[in-house]
Amino acid sequence: MIASCLCYLLLPAARLCRALSRALSDAFFTCRKNALLAKSSSPQVEGDFAMAPQGLDQEECEGLLQQWREEGSSQVFSTVSEGPLVDKGLAQSSLALLMDYPGEQDAASEDKWCSRQLSDLQAAENLEEPSPAVLGEESLPEGEGPMWAAVPMQAGPQYADCTILPMGALAAEEWEEDPAVVAWSLAPEPMPQEEAPIWSFEGLGQLQPPSIEIPYHEILWREWEDFSTQLDAQGLEAGDGPQFQFTLMSYNILAQDLMQQSSELYLHCHPDILNWNYRFANLMQEFQHWDPDILCLQEVQEDHYWEQLEPSLRMMGFTCFYKRRTGCKTDGCAVCYKPTRFRLLCASPVEYFRPGLELLNRDNVGLVLLLQPLVPEGLGQVSVAPLCVANTHILYNPRRGDVKLAQMAILLAEVDKVARLSDGSHCPIILCGDLNSVPESPLYNFIRDGELQYDGMPAWKVSGQEDFSHQLYQRKLQAPLWPSALGITDGCQYVTSCHPKRSERPAGWAESVLEEDMSEPEPEPEPVSPRTVGTIQHCLHLTSVYTHFLPQHCRPEVTTMPLGIGTTVDYIFFSAESCENGNRTDHRLYQDGTLKLLGRLSLLSEEILWAANGLPNPFCSSDHLCLLASFGMEVTAP
Ligand code: KL2
């Protein structure tokens, strides 16, 4: 810890100077955070975050705050925003690359969404616990202006104290009343690609409306990495022939209840930025900003889902599915997709809890959807394979790698079932979520390599989160990892013969909802072999969108920052074809298969997040970063 802090102190002076100039405009949060840090009883928190607030003493802060109150924040900000906007050009061009689907948001297609969504939601109604008057009946106000800004107009009692702010400029009075402004409303607006001034930074001052500068989106700027041109160069035909392209986001949004239960993890945050209404508005802005076609969320609190997230996401054109954790946990996973881009074939909530089984006595869940890509009409008579999307939040407990592996095995078995085609092969798969395991850990390697020799492995080793090697008692993994009664083979497939028909399944079993008739006999699973005692396998060929390393910074990527320690636990895995190299003991090599990775939103390093006072901060409203990737699927003649 001390070494990390020293390392941070020695970061190049240039970054500190830049951060110093930003600190002025961040005076309010800085001030309050310093005060909080001074009170903090946790030396870890103090050590890690002490560097973030730069250069202002208490008096200066109070002076600036006073000025803010007297003059309105915009004036305060405009006086400190004159520095060179170094990253702006990159910002603009990166955003522009995401604007792949012009015309989707026109009025005609909105109409189409509505009817489509209704029928999908009616399907959803059968799937989950009945929701409090959210599905189907009630009429939502037609949004004029930004789609989700209309949400507060629904103001039933549940919205009474909701301080959702509209997109765009905020009036000075609003700033005075609520300094916890929605930071995303100040982020640069996406621009069409041709207008993006990628060639020069100088002219940007004029191109921009007189903007209020908040430093966070500069510090935390995330590059869009475009691989489509590289694929072209390698002859991997990303651009050849028609493709179905889509973007997918995976995001642990930090359930409010969990945050309050572990409040000691958030002492570095200004209380206002931890307020759910602030975070909700900010998260919505982030969804809207990146505008994914598929959104996989973790730590979605049930009341927030039904009362705020689902209605707002629906207004943004999403159809949403939710699976709450079992037991008394109040959060769960959601998968949302644009019905303009996909048609639902199947939705399968997955519970990992098995009564009476100690290995599976935890309340984590997953959610698997099978989606049929809808090819644009202009492409004529062509077809695309269905896409299987699995989202999960695996157990946190760093000691219980055994539980994590068993949870993953259940998810893989469900994915195998949902994604299996009539010839025994699998359609393209995306498996994403918060796996509470680090890169190159046994659990991670199991997903990537399709095999894990676990026998004798200490349970804490599985996730790589923490080192418990010093502990006297260490739970060891022993074969078999799970009892045969679970009905899952060590190849992570359901034992078809033990598989009760849906109607015979015990109460509480995760029920599949089939929109189309998929009840024909299930094809035999592709055999996974050879079987070795003490080894588990799976036959889905998966590889990670992210490489877990930032070459330009020579630093590891970070997806979350508990107590200032950056780590990767969130992933987007996708189907990639393996290139057999003749030696099965080597790591398999992968190339993109029917799913081509076209781009991704770069992650950040721990050091960069320190400069923004860690996570959450006024700009990023979760303790995780979102993951975002763009894929292409081959379109074939039928
Ligand atoms: O690491 V997480 O945060 O993916 O962001 O997943 C879990 C943890 C989440 C759901 O269980 O709650 C957090 N110490 C710190 N964080 C915890 C703990 C704990 N003991 N238990 C749960 N969480």
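Along the sequence shown, the residues carry numbers beginning at 1.
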Does [X] reach the side chain of [Y], with side-chain heavy atoms less than 4.5 Å apart?
X      : Y      : value
Lys338 : Asp291 : yes
Arg222 : Leu604 : yes
Leu412 : Leu431 : yes
Val545 : Cys432 : no
Leu609 : Glu606 : no
Trp306 : Val300 : no
Asp402 : Val462 : no
Leu601 : Leu627 : no

Spell out, as yes or no, whether a donor-acceptor pair under 3.5 Å connects the side chain of [X] to the backbone of [Y].
X      : Y      : value
Asp293 : Thr247 : yes
Ser348 : Val368 : no
Asp455 : Ala479 : yes
Asn445 : Glu440 : yes
Glu414 : Val350 : no
Glu310 : Cys320 : no
Arg341 : Gln245 : yes
Ser441 : Gly464 : no
Ser437 : Gln465 : no
Asp416 : Leu540 : no

**OP:** Report the C-alpha distance between Leu371 and Ile294 in whole Å, list the side-chain angles of each, state the deciding distance to 0.1 Å, and finish with yes or no for side chain to side chain contact (heavy atoms under 4.5 Å, CB included).
**Re:** CA-CA 10 Å; Leu371 298 171; Ile294 302 173; 4.0 Å; yes
**OP:** Tell me, yes or no, whether the heavy-atom count around Gln453 atom CD, taken from other residues, nucleotides or ligands under 6.0 Å, exceeds 12.
**Re:** no
Original post:
Just wondering, are more than 12 heavy atoms of other shown residues or ligands nearer than 6.0 Å to CD in Gln474?
Top reply: yes
Is the [X]-[Y] ring centre distance short of 6.0 angstrom?
X      : Y      : answer
Phe468 : Tyr473 : no
His393 : Tyr352 : no
Phe446 : Tyr454 : no

Subject >> Side-chain ion pair, Lys323 and Glu351, N-O less than 4.0 Å >> reply: yes
Subject >> Glu299/Lys329 salt bridge by N-O under 4.0 Å criterion >> reply: no
Original post:
Would you call the rings of Tyr337 and Phe321 parallel, tilted or perpendicular if under 30° counts as parallel and over 60° as perpendicular?
Top reply: parallel
Original post:
Parallel under 30°, tilted from 30 to 60°, perpendicular over 60°: which one fits the rings of Tyr322 and Tyr305?
Top reply: parallel
**OP:** Could you verify whether a donor N or O on one side chain and an acceptor N or O on the other, from Gln298 and Ser250, lie under 3.5 Å apart?
**Re:** yes
**OP:** Start with the C-alpha gap between Leu344 and Leu369, add the side-chain angles, then the distance that decides, and say whether side chain to side chain contact (heavy atoms under 4.5 Å, CB included) holds.
**Re:** CA-CA 7 Å; Leu344 180 74; Leu369 261 57; 3.9 Å; yes
Subject >> Lys596 to Phe631, cation-pi by 6.0 Å centre distance and 45° axis angle >> reply: no
**OP:** Before giving the answer on side chain to side chain contact (heavy atoms under 4.5 Å, CB included), spell out for Gln243 and Leu598 the whole-Å C-alpha distance, their side-chain angles and the decisive distance to 0.1 Å.
**Re:** CA-CA 11 Å; Gln243 269 204 342; Leu598 300 179; 3.8 Å; yes
Subject >> Nearest-0.5 Å distance, CG of residue Leu563 to CG of residue Asp623 >> reply: 10.5 Å
**OP:** Apply ring-ring contact (aromatic ring centres under 6.0 Å, His included) to Phe318 and Phe287, showing your working.
**Re:** CA-CA 11 Å; Phe318 285 102; Phe287 303 151; 7.8 Å; no
**OP:** Mind checking side chain to side chain contact (heavy atoms under 4.5 Å, CB included) for Pro376 and listing every partner two or more places apart, or none if nothing turns up?
**Re:** Leu379
